[in-house]
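Since the structure comes first, as C-alpha cells, the remarks are kept for the end.
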Amino acid sequence: MRPIPFAGVWGTSSSVSYQIATEQLSAELEHLTAGLPKKEAKRLLQERIRERAQAIADEVARRLTQRNSFARVEAVNGYVNIIYDVNQFSNHVVQAAISEGSHYGRGTPKTDRVMVEFSQPNTHKAFHVGHLRNAALGDALVRILRFAGYDVLAANYIGDIGLHVIKTLWCYLRFHRGEEPPRAQRGRWLGEIYTEADRRLNYRQDVVDLLNELAKEDPVFVQAVDRMLKELWRTHKVGEDVAYLLGQIAHGREIKPDAFYDEQTIVQFWPIVGKQLEHELAEARRMAEQGLNGESQLSLPELEERYLRWKRLAATIDWWPHVPEWQKEVRETFQLWEREDPEFVALWEETRAWSMEEFHRIYDQLDIHFDVWFYESEVEDEGRAIVKELLERGIAEISEGVPVVKIDEKLGLEKETYRILPILRSDGTTLYSTKDLALTKRKFEEYGIDRAIWVVDVRQSLYLQQIFKIMELWGFEQASKCYHLAYEMVMLPTGAMSSRAGNVVLYEDIAGQVLERALEIIEEKNPSLPTDLKVEIARQVGLGSLKYGMLSRDSNRVIVFDIEEALSFDGHAAPYIQYAHARACRILEKVESLPGGPYSFTDLVSQETELIEQLAAFPDEVERAADEYKPLVIANYVYELARRFNDFYHACPVLQAEEPKRSARLALVAATRQALANGLRLLGIAAPEVM
RNA sequence: GCGCCCGUAGCUCAGAGGAUAGAGCGUUUGCCUCCGGAGCAAAAGGUCGCAGGUUCGAAUCCUGCCGGGCGCACCA
C-alpha cells in the first residue's frame with residue numbers, strides 16, 4: 001500500500017492484484033509456456049499477469065465502490081486506487097497544520113534517549129567550511145530527532161589537547177612569543193600559527209615528496225637529473241649526497257628526508273631544481289602557443305602547479321637544516337604538558353580560551369546549541385586508567401613498545417577487518433583513541449543514553465568501528481547502540497583542503513562574504529526596512545543559504561565547495577524557500593484574522609491539490625528523516641513544498657477570490673506557511689517574514 | 001592486497017522495487033496596471049558507467065567488470 005503517485009488525488013494505492021495474479025497464474029503458465037523460447041515465454045507471462053491483475057483490480061474496485069465508503073475506487077494498470085473525499089481530506093490536513101502550529105509534523109514521544117556528538121572542533125586550529133558541514137548536519141539531526149519525539153542530548157567534544165595543540169604552542173613560544181593579535185582575531189591567529197608549525201615540522205617531508213613525485217612522473221626532469229646533480233657537485237662538492245640522489249632517482253626508489261650527510265645539500269640543490277622546472281614550464285608554454293605537444297607528458301596546469309609548489313617551498317629553504325631540531329623541541333614541549341608545567345599550562349589555558357571565544361561566536365551566529373560540552377583534556381587521565389585496565393584484562397597488549405588492541409585476533413576473525421588499534425603512545429602520552437574510549441564509557445555510564453551517534457567525517461570510519469569493537473570486547477552491551485553517521489569531505493575546486501598547502505576556506509571568511517552579498521540584495525529589494533532588521537535578515541538568508549547547501553546533498557557524497565554557488569541565492573537554495581514563506585506572510589498580514597473552518601475545498605485546481613498533498617506528507621517525512629538520520633529528506637521536502645506554493649501563488653488569487661474559496665485559500669496559505677517554518681526550523685534555517 | 005563510498009541531462013544534484021526518471025544552473029523564448037520578479041510559464045537536453053542475475057516489474061536489490069575518491073600501527 002502506498003500513496004497514489006498522481007497529482008490531485010488522495011488515497012491509497014495497492015499493487016496486491018499483481019501478487020495475486022502471479023500466484024494464481026504460476027502453475028497454469030508453467031505448462032502454457034513449456035516449449036516456448038525463453039524470451040517469448042517471459043513476454044507471455046508478463047502479458048497474462050498484467051491482464052489478470054487488471055481483472056482482479058476491476059473486481060476489487062467494483063466491490064469497494066458498492067460499499068460506498070470512499071469517494072471513488074478505481075482500477076488502473078492493475079492497481080487498485082482507493083480515493084478519499086477531497087474536501088474532507090483537505091480540511092483535515094489544513095486544519096491540522098493550523099491548529100497544531102509549530103508542533104505540526106511532530107512525532108509521538110519516544111522513550112529512547114539519544115546522544116548526538118557533533119562539531120568537535122580543535123582549539124588552536126581554524127574553523128573551516130568542512131567544519132560547517134559537520135555542524136549543520138549534526139544540528140539538523142538533533143532538531144529532527146527531537147521533533148520526532150526522542151529525548152536528545154546535543155554534545156560537543158572539543159579537541160583542546162593533542163599533538164596539534166603542542167605544535168601550535170611550540171611554534172608560538174619559539175617564533176611568536178609576546179606577540180598580541182587583535183582581540184577579535186585571536187582564534188584565527190592561532191590557526192595561522194598552527195599552519196606555520198605544521199609547515200615547519202613537515203618541511204623536509206614536503207620537499208622530498210615533491211622530488212619523489214618529479215622523479216616518478218616527470219620524465220623530462222629525470223633526464224635532466226644527471227646534469228643538475230653535476231652542477232650541484234661542481235658548485236658545492238657534496239659527493240655522497242649527490243650519489244644518493246642520483247641512485248634513488250635513476251632507479252625509481254623513494255628519497256628519504258633523513259638520508260643526507262650534509263645539511264646544505266638540498267638547500268643548494270633546490271634553486272637548481274627550480275631552474276629546471278622553470279625551463280620545462282617555459283618550454284611547454286612556447287609549444288602550447290605554437291599549438292604543438294611539448295616533450296613533457298605533463299599538462300601545462302600540472303607543470304604550473306609543480307612550479308608553484310617548488311616556489312612556495314623555495315621561499316623557506318633555510319628551514320631544511322633546522323627540521324630535526326624542531327621536531328625534538330616539540331617532543332620536549334609535549335613533556336612540559338605531561339609534567340603539568342605551571343607556566344605552560346597557563347599559556348595553554350589562555351590560548352585555548354581564545355579559540356573557544358571564536359567557537360562560541362560562530363555557534364551563536366549559526367544558532368547552534370549544545371547540551372553537553374566534552375573536552376579532550378578532561379579525559380586523558382581516565383583514558384590512561386582504561387588502557388591499564390585493558391592491558392590487565394588481556395584485551396590490550398604491548399606490541400613493539402606500543403599498547404594496542406589486536407581486534408581481529410580477539411574477536412576470532414580470520415579475515416582482516418578491524419585490524420589493530422594503538423591506544424597509547426609508547427612514551428605514555430595519550431592518543432585520540434585513549435580519550436575516545438574514556439569518553440564513550442562516560443557517555444553510557446553518566447548520561448544513561450540508549451543510543452550514541454557520532455557525526456564524524458567518513459575517513460574516520462574504520463577508526464570508530466575499532467572503538468565500538470573495543471567497547472564490545474570490554475563488555476559494554478551498549479556497544480551495539482553506537483552509530484557512526486559518516487559524511488564525506490568538503491573539497492575545493494582546486495582539490496582537498498589542506499591548511500599546510502594554504503588552500504582552506506575559513507568559515508568566517510565565507511560567512512562574511514555571504515552576509516555582505518545578502519545585505520546588498522536586501523538593500524536593493526527592500527531599501528525602506530530599518531537597518532538592524534536588514535542586517536538580521538541578511539544573516540538569516542545568507543547563513544540559511546550556506547547551511548542549505550550543506551544539507552541538500554547526501555552525506556556520503558563529496559561536496560565541492562564553490563564560492564560562486566554559495567553566493568548565488570537563486571534557484572534550488574534556502575532563499576527560495578524563505579521567499580515562499582515571506583510571500584505567505586505577506587498575504588496573511590492583509591487579513592485581520594484567519595477565518596475558521598471547516599473550509600470549502602471544492603473544484604480545486606491542480607496547483608491547490610498538489611500543494612495540499614505536499615502539506616499532508618510532512619509528518620511522514622519527519623519520521624523518515626529521523627529513522628534514517630537524514631536531514632536531506634527534510635531539505636528536499638521544504639524545497640518541494642515551496643515550489644508547489646509558488647505554483648499555487650501564481651495560479652490562484654487569494655485575497656481577490658470569492659467566498660468561500662477565499663477563506664479556503666487563506667487557510668491553505670496559513671497551513672503552508674506553518675509547514676515551511678517548521679521544516680526550515682528542523683534544518684536550523686530561519687524563516688523571515690520579510691526579506 | 002583488504003575494506004568503504006561515488007558514477008543519473010553540458011554542469012551541480014534529487015530520486016522509498018511500482019505507472020510517463022525529476023529539480024537547479026547554463027542556453028533559447030515569453031510574463032510585473034494584478035496578494036513581492038530572490039518568482040512563474042515554455043522549449044531544448046537521458047542507452048540512469050558497462051555486462052549479467054533476481055523479480056510480474058530494477059536508476060533502486062545481488063554478482064562481476066570499468067572509471068573516480070577515501071581508509072588501513074603510536075595524526076585527529
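In the text below, chain A, chain B and the rest are named by the order of the sequence lines, each starting its count at 1. Quick note: numbers below take in every heavy atom, side chains included, and nothing from hydrogens, waters or symmetry partners. Everything quoted here is computed from the prediction, not taken from an experiment.
- Within the 4.0 angstrom heavy-atom criterion, only backbone atoms of the sugar-phosphate kind lie near A/Leu163; the bases stay farther away.
- As a whole-Å value, the separation of A/Leu421 CG from B/C72 P is 11 Å.
- Within 4.0 Å (heavy atoms only), A/Arg557 reaches at least one base atom of the nucleic acid.
- Contacts of A/Arg583 with the nucleic acid, taken as non-hydrogen atoms under 4.0 Å apart, involve only primed sugar atoms and P, OP1 or OP2.
- Across all strands shown, B/G36 has no partner, as no Watson-Crick or G-U wobble contact with both distances under 3.5 Å is found.
- Residues satisfying the salt bridge (charged side-chain N to carboxylate O under 4.0 Å, His left out) criterion with A/Glu516, sequence neighbours excluded, are absent altogether.
- With a cut-off of 3.5 Å on both Watson-Crick or G-U wobble distances, the partner of B/A43 is given as B/U27.
- Of all nucleotides present, only B/A51 satisfies the Watson-Crick or G-U wobble test against B/U63, with each distance under 3.5 Å.
- Partners of A/Arg384 under the salt bridge (charged side-chain N to carboxylate O under 4.0 Å, His left out) rule, at least two apart in sequence or in another chain, are A/Glu338, A/Asp381.
- Shown here, B/G3 forms a base pair with B/C70; the pair counts as Watson-Crick or G-U wobble because both key distances fall under 3.5 Å.
- Comparing A/Val402 and A/Cys652 along RNA chain B, the residue whose closest nucleotide (by nearest heavy atom) sits nearer the 5' end is A/Cys652.
- Between A/Val560 and A/Thr417, the one whose closest nucleotide on RNA chain B sits nearer the 5' end is A/Thr417.
- No engagement by A/Ser461 is indicated, since no non-hydrogen atom pair under 4.0 Å with the nucleic acid exists.
- Other residues, nucleotides and ligands place more than 12 heavy atoms under 6.0 Å from the CD atom of A/Glu589.
- Using Watson-Crick or G-U wobble geometry with both donor-acceptor distances under 3.5 Å, B/A14 finds no partner in any strand shown.
- Taking CG from A/Leu529 and NZ from A/Lys534, the interatomic distance works out to 6.5 Å, rounded to the nearest 0.5 Å.
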